[in-house]
Number of protein chains: 2
Amino acid sequence: MGRKRTKSGKIRLAEVAELAGVSPITASRFFRNPEALSVGKRTRVESAARELGYVPNLAARALASQRTEVIGVVIPSLTNNVFSDVLRGIYDASEGGRYSIQLANTRYSILQEEKLLRLFLAQKPAGLIVTGIDQTAESRSMLEAAECPIVQIMELGSNPVDMMIGFSHYEAGRAAIAHLLTQGFRRIGFLGARMDPRVQRRFEGYQAAMKEADLFDPRLIVTTPVATSATLGGTLFADLLTQAPDIEAVFCVNDDLALGVLFECQRRHIAVPERMAIVGFNDLEFMACAVPALTSVRTNRYEMGRNAATMLIEAIEGRRPNEAVVDLGFAVMERQSSLGPRHARTRRPGKIGRRTNKMVALPSPTN
Amino acid sequence: MGRKRTKSGKIRLAEVAELAGVSPITASRFFRNPEALSVGKRTRVESAARELGYVPNLAARALASQRTEVIGVVIPSLTNNVFSDVLRGIYDASEGGRYSIQLANTRYSILQEEKLLRLFLAQKPAGLIVTGIDQTAESRSMLEAAECPIVQIMELGSNPVDMMIGFSHYEAGRAAIAHLLTQGFRRIGFLGARMDPRVQRRFEGYQAAMKEADLFDPRLIVTTPVATSATLGGTLFADLLTQAPDIEAVFCVNDDLALGVLFECQRRHIAVPERMAIVGFNDLEFMACAVPALTSVRTNRYEMGRNAATMLIEAIEGRRPNEAVVDLGFAVMERQSSLGPRHARTRRPGKIGRRTNKMVALPSPTN
DNA sequence: GTCGCCTTTGGTAGCGCTGTCAATCTTCCT
DNA sequence: AGGAAGATTGACAGCGCTACCAAAGGCGAC
């Protein structure tokens with residue numbers, strides 16, 4: 001049988017097979033399809049592998065089988081909370097299974113995305129999870145030519161490359177505005193940062209809702225390509241106030257901006273929601289415990305990641321899901337920050353929105 | 001030369017070599033050590049590879065060379081902002097290089113960590129980044145036996161497995177308390193959640209500082225193993241207030257808790273910092289723009305990730321850093337939320353901390 | 001002119017595993 | 001009992017690349 005061990009001292013499949021008294025190929029089968037073995041051999045191989053502490057060499061397996069057990073995940077940002085939730089779902093779903101996750105970060109560049117996809121695809125991944133539906137034409141055709149299952153996440157669209165899971169950012173944006181309109185607000189501002197495709201579609205939802213209500217006014221809008229932050233929320237809000245001092249409510253494309261707006265209101269002694277309603281997006285954890293509690297559009301990010309990975313793995317293993325496109329929906333979490341005059345009036349008849357609310361007097365900042 | 005293409009239609013090294021008019025091994029060398037080729041062959045191989053769109057087969061390379069170009073990263077959480085910053089640094093540093101990142105999440109379990117390390121090590125990674133210094137004995141000996149460079153991140157300790165980059169959580173905790181003491185606060189509470197080893201060490205720093213000042217009192221402390229959140233911050237703070245109504249300041253082990261405390265103070269009309277000072281930890285972005293601006297201990301998370309990956313790659317390639325242990329330090333970002341009576345007195349002589357600050361009167365929550 | 005040394009190139013032989021297909025053994029009919 | 005169908009098992013031949021070592025080429029010194 002020649003050498004017993006590889007020079008590195010590693011246990012190979014051949015050693016396991018020898019100890020179990022079977023051929024290497026039978027031992028190999030044990031790891032890929034245990035049911036194909038007779039019970040006797042199965043237990044013999046199993047205990048031999050355990051005894052020797054055998055760990056399969058993935059490189060050899062990949063080379064021989066001409067496929068890897070790698071799931072590629074292409075996301076635009078590692079910083080954004082949104083994606084860390086999605087990622088957590090993906091990792092949770094893949095945990096314990098045979099597939100390993102390979103992450104790539106496009107930093108919101110579709111050219112970078114194209115490069116990364118080319119790299120991934122060249123390694124024949126078992127499956128791919130990509131963010132959104134706005135790939136370059138080249139990326140799109142690479143994806144369509146790919147032999148592995150693919151899940152597009154975060155958004156919905158009419159022609160999925162393969163599978164798709166997400167929700168309509170357009171509808172979510174509309175719903176946020178519909179809620180504010182129901183609450184009786186008319187001059188509703190829009191605060192947008194980074195303006196990636198998904199933010200863009202929320203923006204379109206805002207525009208549609210405002211136009212339908214005949215309330216659209218470009219002065220109500222402040223956007224920037226700059227990356228989002230709470231501080232930026234305060235800055236943009238200040239700009240918005242300058243542009244449209246009569247504003248009654250703000251829809252922020254994410255919760256960081258909303259938090260910044262809340263703080264800016266506190267700084268300027270603008271009562272929320274009496275003089276300014278605030279609605280955020282994503283419903284991060286802190287929104288519910290802010291003072292006042294901040295309304296936000298809840299999205300199912302963890303579930304999105306989890307389901308995407310689950311669907312993908314099922315598809316890899318030949319069990320394609322019934323529905324190729326899954327809408328995870330969203331929910332407007334109505335909280336105090338968007339309580340409108342209409343509602344307020346019901347509860348406290350009289351001079352609502354007219355009270356002179358005093359905020360705590362604050363010493364000037366120290367740094 | 002036999003078959004020209006692999007059945008999958010992929011370009012192999014042999015095709016590149018043929019087009020370039022060199023032997024496969026020479027072409028191989030081009031990708032590993034271009035300087036070893038004569039200029040003529042180098043350019044010929046380069047253009048041949050480009051023309052054919054050659055992408056090396058990593059599995060074959062790994063199998064043949066008996067090593068992978070994978071850097072394993074073991075972190076305890078994917079949700080925690082802290083780690084997303086670290087990860088971003090790691091990915092940024094590895095980008096464009098030959099190494100790919102393989103992530104594993106221990107969920108704060110050192111047993112899980114041991115399992116993951118075993119898995120990683122079995123695949124002979126090029127290098128490893130692990131979080132913290134509190135591995136199991138078994139993990140520790142596996143790491144010590146590993147043939148690849150290893151960087152421990154997040155903390156400092158006296159006996160690194162190999163390299164180490166981080167800061168002293170103990171000293172950071174102490175410094176936060178020292179700052180509050182300097183500001184004249186005496187009854188300083190401690191709010192801790194999740195209580196992982198790093199939080200534990202900040203706690204030890206708190207205890208040491210308080211004992212030295214002869215101010216230690218167990219009633220000032222509220223901790224929980226539960227995962228952290230802003231809402232939890234509010235809850236723990238409420239408990240703390242019950243336990244020690246005369247509290248003057250709170251040190252929160254992270255910024256989410258601090259944000260929750262701020263909101264809870266707003267809810268209870270407790271003036272910050274006049275009646276309650278707040279100090280957080282990590283200095284997330286929103287801390288500076290809160291109202292009042294929240295004091296926090298800044299940590300260099302992105303730099304930590306970036307340097308860890310850079311050091312590791314250098315070491316993998318044989319250029320070991322001069323210093324195996326790097327202290328990235330921290331900084332107490334002193335802001336308004338911890339402005340003490342002593343300072344305040346200097347600026348506004350008289351009844352400081354005695355003013356009756358009015359917060360905006362808020363309607364009751366809507367959900 | 002010849003030798004020795006250094007640089008550049010090529011040949012050979014796997015790395016550890018699995019796909020394919022054939023061989024063997026069961027089981028259960030007729 | 002004979003045989004078909006199915007269940008198990010094994011032999012062989014690579015997967016695409018690189019380690020190792022040998023060979024060839026280039027150059028200056030004596």
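Please read these numbers as outputs of a predicted model, since none were measured by experiment. Chain A is the first sequence line, chain B the second, and so forth, proteins listed ahead of strands; every chain is numbered from 1.
- When the nearest nucleotides of DNA chain D are assigned to A:Ser38 and B:Ser65 by heavy-atom distance, the more 5′-ward of the two goes with A:Ser38.
- Residues meeting the side-chain hydrogen bond (donor to acceptor under 3.5 Å, both in side chains) test with B:Glu95, sequence neighbours left out: A:Arg107.
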For residues 74-82 of chain A, dump all side-chain donor-acceptor pairs below 3.5 Å to protein atoms at least two apart in sequence or in another chain.
unit_1, atom_1, unit_2, atom_2, d
A:Ser77, OG, A:Thr79, N, 3.1
A:Ser77, OG, A:Asn80, N, 3.1
A:Thr79, OG1, B:Arg88, NE, 3.0
A:Asn80, OD1, A:Val82, N, 3.0
A:Asn80, ND2, A:Tyr108, OH, 3.3

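- Checking side-chain atoms of A:Asp85 against main-chain N and O of A:Arg301 turns up no donor-acceptor pair under 3.5 Å.
- Side-chain contact check for B:Arg140 versus B:Val161: some heavy-atom pair is nearer than 4.5 Å.
- Following rounding to the nearest Å, B:Ile11 (CD1) and D:dC17 (P) show an atom-to-atom distance of 10 Å.
- In terms of phosphate contacts, A:Ser28 brings a side-chain nitrogen or oxygen within less than 4.0 Å of OP1 or OP2 of C:dT18.
- Atom pair A:Ile25:CD1 and D:dG10:P shows a separation of 10 Å (rounding to whole Å applied).
- In this structure, of C:dG10, D:dC17, D:dA19, it is C:dG10 that holds the atom nearest to the side chain of B:Lys41.
- Atom-to-atom, CZ of A:Arg42 to P of D:dA7 comes out at 14 Å; the value is rounded to the nearest Å.
- The terminal axes of the helix from C:dG1-D:dC30 to C:dT30-D:dA1, fitted over 5 pairs per end, subtend an angle of 40° to the nearest 10°.
- Taking atom CG of residue A:Leu63 and atom P of nucleotide D:dC15, one finds them 9 Å apart after rounding to whole Å.
- Atom pair B:Asn57:CG and D:dG16:C1' shows a separation of 6 Å (rounding to whole Å applied).
- When distances run from any side-chain atom of A:Arg12 to the nucleotides D:dC20, C:dT18, C:dC17, the shortest one goes to C:dC17.
- A salt bridge between A:Arg306 and A:Glu303 is absent, with no side-chain N of the basic residue lying under 4.0 Å from a carboxylate O of the acidic one.
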Could you pull out every donor-acceptor pair under 3.5 Å between side chains of residues 26-34 of chain B and any protein atom, sequence neighbours left out?
unit_1, atom_1, unit_2, atom_2, d
B:Thr26, OG1, B:Ser23, OG, 3.1
B:Ser28, OG, B:Arg32, NE, 3.2
B:Ser28, OG, B:Arg32, NH2, 2.9
B:Arg32, NE, B:Ser28, O, 3.4

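- Nucleotides of DNA chain C nearest to B:Thr26 and B:Ala64 differ in position, and the one nearer the 5' end is that of B:Thr26.
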*Applying side-chain contact (heavy atoms from CB on, under 4.5 Å), run through A:Met142 and A:Gln135 and close with a yes or a no.*
CA-CA 10 Å; A:Met142 283 196 292; A:Gln135 286 79 27; over 6 Å; no
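- In this structure, B:Arg67 places its CZ atom 20 Å from P of C:dG14, rounding to the nearest Å.
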Report, one pair per line, the protein and nucleotides 21-24 of chain D atoms (nitrogen or oxygen only) whose separation is under 3.5 Å.
none

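- Within the nucleic acid shown, B:Tyr54 comes within 4.0 Å of sugar-phosphate atoms alone, with no base atom in reach, counting heavy atoms only.
- Proximity of B:Leu143 to B:Asp162: side-chain heavy atoms (C-beta onward) are nowhere separated by under 4.5 Å.
- Side-chain atoms of B:Gln102 and A:Gln102, non-hydrogen and from C-beta on, do get closer than 4.5 Å to each other.
- The distance from atom CG of A:Leu37 to atom P of C:dT24 is 20 Å, rounded to the nearest whole Å.
- For the pair A:Leu58 CG and D:dC17 P, the computed distance is 19 Å after rounding to whole Å.
- When the nearest nucleotides of DNA chain D are assigned to A:Ala36 and A:Pro24 by heavy-atom distance, the more 5′-ward of the two goes with A:Ala36.
- When each of C:dC15, D:dG16, C:dC17 is scored by its nearest atom to the side-chain atoms of B:Gln66, the top-ranked nucleotide is C:dC15.
- Legend: residues meeting salt bridge (Lys or Arg N to Asp or Glu O under 4.0 Å) with B:Arg118, ordered by chain and number and at least two apart, are B:Glu114, B:Glu138.
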